[in-house]
Amino acid sequence: MGRLGIALLAALMSSLPCWLGAPCPPVPTSSNITQFVCTSPSLSSFPTGFPEETLMISVEFTNLSSIGPDALQKLPNLRELHLSKNQLRSLPGSLFRDLPALRVLDLTNNLLEGLPPEIVDSHSPLQHLVLNGNRLGALEPAWFQTLRELEWLDVSNNRLQALPPNCFQNLSSLKSLDLSHNHLGRLAPELLAGLPSLERLNLEGNQLHSIVEHTFDLVPHLRYLFLQHNNLSSLPAQLFGKLGQLALLDLSNNTLTSLAPCFSEQNLTLELDLSRNPWACDCTMLAFMRWVAGRSVGLYTLQHTLCGTPENLKGRTVAAAAKDALVASCSAAPTERPSPCSLPRGHASPAERGWPRWQHPAPSGQPAS
Ligand SMILES: *[C@@H]1O[C@H](CO)[C@@H](O)[C@H](O)[C@H]1NC(C)=O
Ligand SMILES: *[C@@H]1O[C@H](CO)[C@@H](O)[C@H](O)[C@H]1NC(C)=O
Ligand SMILES: *[C@@H]1O[C@H](CO)[C@@H](O)[C@H](O)[C@H]1NC(C)=O
Ligand SMILES: *[C@@H]1O[C@H](CO)[C@@H](O)[C@H](O)[C@H]1NC(C)=O
Ligand SMILES: *[C@@H]1O[C@H](CO)[C@@H](O)[C@H](O)[C@H]1NC(C)=O
Ligand SMILES: *[C@@H]1O[C@H](CO)[C@@H](O)[C@H](O)[C@H]1NC(C)=O
């Protein structure tokens, strides 16, 4: 994880709910206790006896392997239920149906292979659903389609290989979607339809080889996009062109050789991590670095942002190459080559010329090596 990741993690940690509460199973008491925390490692059945006023229950780092269908009755005020670090393999269909106030459901680090359809009922105010670290091999649209208030969905560290295209329909409040550390090889082009509020999308650590051109046009409010540690070797020129609020893009540790500077120029303030890719240090890269330098674009981890080609620049930082070697060797070519996103009329863009993806042909000023 780079500096970007750590900064973001710190921000996330500070927004996590706090864990103070009385021990559970609850003992009858006259005081007005609304939060209960069980951490006994040998606890194997869900405790009973919670008062109706209960707002938060945490049964975590315990040994639950199942929960009875009636375990969560008569808790009309329960807002948070934390069940992480247990041995849950499945959940009864009606388990969460009688929790009309539930906002946070955390099932991190269990053994779940699936969920009951429509986990909560259709008027649920559920805002955070965390399924990180389970064994989900697929997602069912039926799990999520009633979750109109959901803002945070974390399905990271599961076994997802593909997602149904209509998987996230109607999650109109969703701001953060974490699909990191799965086995996703591709994304359906319409996957993000139905997520008009999305601001943060994490696809880190999958096996993406390519992403279809208009995939991100559907989420115009996206601010944070994590694509690092995938197998991306090229990206369509206009992939990020509609993301007018993009603030952070992590493309590190892929197999990219070039990137078109096709970002929405209005109000552009962008942090980019391009490290650990085999960049082609040619005149296109020089133009890209000049584009970066002329704008409010920050490049992270420059010491690991290296040239993969040509042979004489291999292993040098892109920044150093752009400072001297490239300037010298590209001086025969027009210094600021027009980017393919802003070609003057009469010039065909790479896409129009029929190149399948953003793969720049050898520019005219390429050094003879
Ligand atoms: C218990 O707390 C709730 C809200 O936190 C409050 O409405 C209620 O009056 C309190 N009851 C007693 C007996 O203190
Ligand atoms: C957890 O439960 C399993 C049986 O389901 C048991 O074998 C194991 O010893 C229990 N672990 C603890 C710490 O009690
Ligand atoms: C999504 O919402 C629309 C209208 O808000 C509704 O017509 C449609 O049935 C919903 N789809 C699902 C899968 O719930
Ligand atoms: C790069 O990504 C791969 C997965 O695609 C991961 O296994 C590896 O640890 C990553 N390398 C670095 C230096 O982060
Ligand atoms: C990445 O893609 C290349 C070909 O595009 C393939 O040879 C390689 O096995 C892939 N690596 C992973 C980790 O999927
Ligand atoms: C520019 O971006 C900033 C920060 O994201 C935002 O507050 C502002 O409203 C944006 N301005 C325009 C004109 O989009």
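All figures in this text were calculated on a predicted structure; none of them were measured in a lab. Residue numbers start at 1 and run along the sequence shown. Every number for a ligand or one of its atoms is a count from 1 in the order of the listing.
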Inset, instruction - Mark up the atoms of ligand 2 that fall under 4.0 Å of a heavy atom belonging to Ser42, in ascending order. - result: 14 (O)
Legend entry - Ligand-side contact atoms (ligand 2) for residue partner Pro41, heavy atom cut-off under 4.0 Å: 12 (C), 13 (C)
Inset, instruction - Indicate whether any N or O donor in one side chain lies under 3.5 Å from an N or O acceptor in the other, for His229 and Asn253. - result: yes
Legend entry - Aromatic plane relationship, Phe50 with Phe36 - under 30° parallel, 30 to 60° tilted, over 60° perpendicular: perpendicular
Inset, instruction - Using a 4.0 Å heavy-atom threshold (strictly under), name the region of Arg276 that reaches ligand 4: side chain, backbone, both or neither. - result: side chain
Inset, instruction - Please indicate, with yes or no, if any protein heavy atom is found under 4.0 Å from atom 14 (O) of ligand 2? - result: yes
Inset, instruction - Would you name the heavy atoms of Ser124 and Leu102 that are closest together and state the gap between them? - result: OG-O, 4.3 Å
Legend entry - atom 2 (O) of ligand 2: nearest protein contact (heavy atom, Å): Asn63 ND2, 2.4 Å
Legend entry - Nitrogen or oxygen atoms of Ser65 and ligand 2 under 3.5 Å apart: no
Inset, instruction - Taking the six-membered ring for Trp and the full ring for Phe, Tyr or His, determine whether the centres of Phe288 and Trp279 are under 6.0 Å apart. - result: no
Legend entry - Protein non-hydrogen atom below 4.0 angstrom of atom 11 (N) of ligand 2 present: yes
Inset, instruction - Using the side chain to side chain contact (heavy atoms under 4.5 Å, CB included) rule, pick out the option among Val318, Asp273, Val292, Leu270 that qualifies with Leu299. - result: Val292
Legend entry - atom 5 (O) of ligand 2 touched by protein heavy atom at under 4.0 Å: no
Legend entry - Residues Lys85 and Asp106 bridged, charged N to O under 4.0 Å: no
